[in-house]
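One structure is given here, and the rest of the page talks about it.
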Amino acid sequence: MDAVSVVGGGSAACLASFSSVLSSRSRRDNGGRSPRSISLSHANPADLRKHDRQQYLHLAAFRPNTHLFSPSARHAPRSASKPRIFLPHLVASLEVEETYIMVKPDGVQRGLVGEIISRFEKKGFKLTGLKLFECPKELAQEHYKDLQSKPFFPKLIEYITSGPVVCMAWEGVGVVASARKLIGSTNPLQAEPGTIRGDLAVQTGRNIVHGSDSPENGKREVALWFKEGELCQWTPSLEPWLVE
């Protein structure tokens with residue numbers, strides 16, 4: 001690296017020596033071409049500092065991002081956003097529906113029945129059926145008959161019949177899709193915070209609650225788990241404050 005030796009002489013000698021060093025460095029950095037000359041004998045010290053900063057700006061580890069505020073960047077077109085996936089089966093209906101919600105054996109054993117019921121009550125749905133029930137094997141197989149070809153089917157039946165379950169029938173506008181959103185994804189680790197599974201469960205095999213996945217299945221499952229006369233038709237006093 002070049003060095004400037006100042007032994008004596010005045011400021012003029014200093015400036016002349018410094019000018020010689022800058023000139024040699026500039027020619028080297030510019031491929032031997034003579035750079036634009038500046039007069040150092042009458043130069044302002046602030047101009048010298050500015051010139052020195054600009055000359056070695058390319059060596060800086062962090063360069064200023066002035067392009068972020070340039071007019072071209074400010075008016076640059078935004079990239080097109082990805083289209084959202086539309087899932088019709090998750091869209092709440094405007095019709096009054098019924099759905100079957102079941103607290104599974106792990107939810108009962110963990111004392112989460114009240115917590116789960118309160119989620120649906122606070123949402124504004126109407127409870128029309130409720131019972132603590134020991135599920136026989138035949139009923140469990142009928143309920144999960146769509147999954148009987150799956151390798152985990154025997155283990156699923158053993159799990160559902162391992163202890164009492166809480167059977168519930170709920171009614172309300174768009175209750176099937178809304179209940180599924182309140183419950184959350186089948187895998188609790190992928191369920192959103194604020195959902196029942198997202199807040200209270202950690203494993204698919206112990207996801208504490210079941211909910212009908214369609215209005216048709218809602219009717220079928222309510223009829224499967226509740227006998228005639230076990231459902232109560234009533235009008236909540238708060239209904240005018242929930243629906244028009």
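- Ala191 and Ser185 make their closest contact through CB-N, 3.7 Å (heavy atoms, listed as atom of the first residue, atom of the second, distance).
- To the nearest 0.5 Å, the span separating CG on Leu156 from CD on Gln148 amounts to 12.0 Å.
- The shortest side-chain heavy-atom distance between Val173 and Glu95 does not fall under the 4.5 Å cut-off.
- Phe120 and Ile196 make their closest contact through CE1-CD1, 3.9 Å (heavy atoms, listed as atom of the first residue, atom of the second, distance).
- Across all non-hydrogen atoms, the minimal contact from Ser212 to Glu221 is OG-OE1, 2.6 Å.
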* **Intermediate values then yes/no, side-chain contact (heavy atoms from CB on, under 4.5 Å), Met102 and Val209** => CA-CA 6 Å; Met102 177 174 64; Val209 64; over 6 Å; no

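- Hydrophobic clustering places Val96 together with Val243 (ILVMFWY residues linked when any side-chain heavy atoms are closer than 4.5 Å, directly or through intermediates).
- Put simply, Met168 and Trp225 are part of two different groups of oily side chains (I, L, V, M, F, W, Y) that touch within less than 4.5 Å, one to the next.
- Criterion: ILVMFWY side-chain heavy atoms under 4.5 Å apart, direct or through other members. Under it, Ile208 and Val202 are not part of a common hydrophobic cluster.
- Side-chain contact between Arg206 and Lys104 is absent, with no heavy atoms from C-beta onward closer than 4.5 Å.
- A 4.5 Å side-chain heavy-atom check between Trp170 and Glu121 finds at least one atom pair inside the cut-off.
- With respect to Arg119 and Glu115, a salt bridge is recorded, a charged nitrogen being found less than 4.0 Å from a carboxylate O.
- The two atoms that bring Ser178 and Phe125 nearest to each other are CB-CZ, 3.4 Å, heavy atoms only.
- Cluster membership for Phe133 and Leu224, using ILVMFWY side-chain heavy atoms within less than 4.5 angstrom, is shared.
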* Evaluate side-chain contact (heavy atoms from CB on, under 4.5 Å) for Tyr144 paired with Leu139, printing each intermediate quantity in order. => CA-CA 9 Å; Tyr144 288 111; Leu139 179 58; over 6 Å; no

* **Working for side-chain contact (heavy atoms from CB on, under 4.5 Å), residues Val222 and Leu231** => CA-CA 9 Å; Val222 168; Leu231 298 179; 3.8 Å; yes

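- Taking the six-membered ring where the residue is Trp, Phe226 and Tyr100 present perpendicular rings, their angle passing 60° and hence far from 30°.
- With hydrogens and angles ignored, the 3.5 Å screen pairs no side-chain donor or acceptor of Lys123 with any backbone N or O of Ser118.
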* Asked: Could you go step by step and tell me if Asn207 and Asn187 meet the side-chain contact (heavy atoms from CB on, under 4.5 Å) rule?
  -> CA-CA 7 Å; Asn207 59 12; Asn187 184 349; over 6 Å; no

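- Under the 4.5 Å side-chain criterion, counting only non-hydrogen atoms from C-beta, Lys126 is in contact with Thr128.
- In plain terms, the two heavy atoms of Ala140 and Ile160 that are nearest each other are CB-CG2, 4.3 Å.
- Under the 4.5 Å side-chain heavy-atom criterion for Ile, Leu, Val, Met, Phe, Trp and Tyr, Ile183 and Leu189 are members of distinct hydrophobic clusters.
- By the 4.0 Å N-to-carboxylate-O rule, Lys131 lies close enough to Glu230 to be salt-bridged with it.
- Annotation for Val113 and Val103: closest pair CG2-CG1, 4.2 Å, computed over non-hydrogen atoms.
- Inter-residue side-chain proximity for Leu182 and Thr195 is flagged as unmet; no heavy-atom pair is nearer than 4.5 Å.
- In the displayed structure, Glu239 atom CD is contacted under 6.0 Å by more than 12 heavy atoms of other residues, nucleotides or ligands.
- Looking at Glu97, its side chain does come within 3.5 Å of a backbone N or O of Val176 through a donor-acceptor pair.
- Remark: Leu127 CG to Ile101 CD1 distance equals 10.5 Å, nearest 0.5 Å.
- The closest side-chain heavy-atom distance from Val165 to Cys167 is below 4.5 Å.
- Contact check on Lys145 versus Glu142 returns a salt bridge, with a Lys/Arg side-chain nitrogen under 4.0 Å from an Asp/Glu carboxylate oxygen.
- At least one donor-acceptor pair closer than 3.5 Å links the side chain of Arg180 to the backbone N or O of Gly211.
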